[in-house]
Amino acid sequence: SPIARLQPANLAQLEVLLRDNHLPTQDCAAQAQNFFGIFDGDELIAAGGLEPAEDYALLRSVVVKKQYRASGLARIISEYLIDLAEADDKKAVYLLTETAETYFEKLGFSRLERTQVPLEITLTRQFTSLCPDTASCMVLTLSAR
């Protein structure tokens, strides 16, 4: 199914999907324009966000509805967002994860210390307040792809 940029009307569904998966929803409304989703009819079944931060981008909240898991949708959304960052000439994509480290390693991301993350990324709300300090930080450098 095609990937669509989420509209304000999709916000409620996005928040439920994130909440059901224990992902932060506090800044959804502010970030809504940076979220993309896959729909089954009118139902939002997968979503992810790409928050621009100067020369970089933050991949966030890649989520798939329970009954649609293991169907490759997370990969489709992640790769779409990475391609988007690349098309936008971003130097690298960063992410924070507590649970999906191995998954993102398969997509080419590698771990790094928070101290190695560029300032522009550390200033995002996701980084400063929404993700716990225990989350792993990962990066995918785009020029190397």
Side-chain angles (χ1 to χ4, degrees), residues 1-112 114 117-142 145:
S1 22
I3 296 175
R5 187 181 283 272
L6 295 190
Q7 302 303 315
N10 308 133
L11 202 54
Q13 283 201 74
L14 174 64
E15 289 185 345
V16 169
L17 194 53
L18 292 172
R19 205 171 292 125
D20 285 350
N21 290 277
H22 314 293
L23 289 166
T25 56
Q26 293 92 319
D27 65 339
C28 265
Q31 285 295 327
Q33 76 284 3
N34 294 323
F35 273 90
F36 294 79
I38 297 174
F39 291 84
D40 185 1
D42 294 330
E43 186 185 13
L44 180 64
I45 59 168
L50 187 76
E51 185 174 341
E54 306 289 337
D55 287 338
Y56 307 98
L58 185 67
L59 181 72
R60 43 178 299 177
S61 310
V62 173
V63 61
V64 176
K65 210 165 200 169
K66 212 176 249 119
Q67 59 271 41
Y68 291 90
R69 288 206 190 127
S71 53
L73 295 180
R75 174 181 284 268
I76 290 169
I77 285 240
S78 299
E79 289 182 345
Y80 178 86
L81 295 171
I82 291 163
D83 288 346
L84 215 57
E86 202 160 28
D88 204 18
D89 289 329
K90 300 298 184 200
K91 292 179 182 167
V93 177
Y94 289 83
L95 63 83
L96 289 166
T97 183
E98 286 188 87
T99 53
E101 214 175 290
T102 320
Y103 179 81
F104 285 111
E105 277 174 355
K106 286 183 196 142
L107 290 182
F109 283 83
S110 48
R111 281 193 65 164
L112 78 165
R114 282 183 181 230
V117 174
L119 181 67
E120 297 90 332
I121 291 285
T122 63
L123 293 174
T124 61
R125 194 156 162 228
Q126 176 100 356
F127 220 95
T128 49
S129 60
L130 300 185
C131 269
D133 294 339
T134 49
S136 299
C137 188
M138 304 186 79
V139 64
L140 175 67
T141 306
L142 294 177
R145 285 182 89 211

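- Under a 3.5 Å cut-off, the side chain of Thr25 and the backbone N or O of Cys28 do not form any donor-acceptor pair.
- A salt bridge links Glu43 with Lys65: at least one charged nitrogen is closer than 4.0 Å to a carboxylate oxygen.
- Looking at heavy atoms from C-beta onward, Phe109 lies in side-chain contact with Leu59 at the 4.5 angstrom threshold.
- Arg60 places no side-chain N or O within donor-acceptor distance of the main-chain N or O of Leu50, the cut-off being under 3.5 Å.
- Checked by atom type and distance alone, the side chain of Gln7 pairs as donor or acceptor with a backbone atom of Arg5 at under 3.5 Å.
- Side chain to side chain, Gln31 and Asn34 meet the donor-acceptor criterion of an N or O pair below 3.5 Å.
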Kindly determine whether Leu14 and Phe35 satisfy side chain to side chain contact (heavy atoms under 4.5 Å, CB included), including the steps that lead there.
CA-CA 9 Å; Leu14 174 64; Phe35 273 90; 3.7 Å; yes
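- Residues Thr124 and Glu51 have side chains that never bring a donor and an acceptor to within less than 3.5 angstrom of each other.
- In this structure, Phe39 and Leu6 have side chains that are in contact, with non-hydrogen atoms separated by less than 4.5 Å.
- Pairing each heavy atom of Ser61 with each of Leu18, the nearest pair is CB-CD2, 3.5 Å.
- Enclosure of atom CD in Glu54 is not indicated, since only 12 or fewer non-hydrogen atoms of other residues, nucleotides or ligands lie within 6.0 angstrom.
- Between the side chain of Tyr103 and the main chain of Arg75, a donor-acceptor pair closer than 3.5 Å is present.
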Could you walk me through whether Ile82 and Leu142 pass the side chain to side chain contact (heavy atoms under 4.5 Å, CB included) test, one step at a time?
CA-CA 8 Å; Ile82 291 163; Leu142 294 177; 3.9 Å; yes
Taking it one step at a time, do Phe36 and Leu84 satisfy side chain to side chain contact (heavy atoms under 4.5 Å, CB included)?
CA-CA 11 Å; Phe36 294 79; Leu84 215 57; 3.5 Å; yes
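- With hydrogens and angles ignored, the 3.5 Å screen pairs a side-chain donor or acceptor of Gln13 with a backbone N or O of Asp42.
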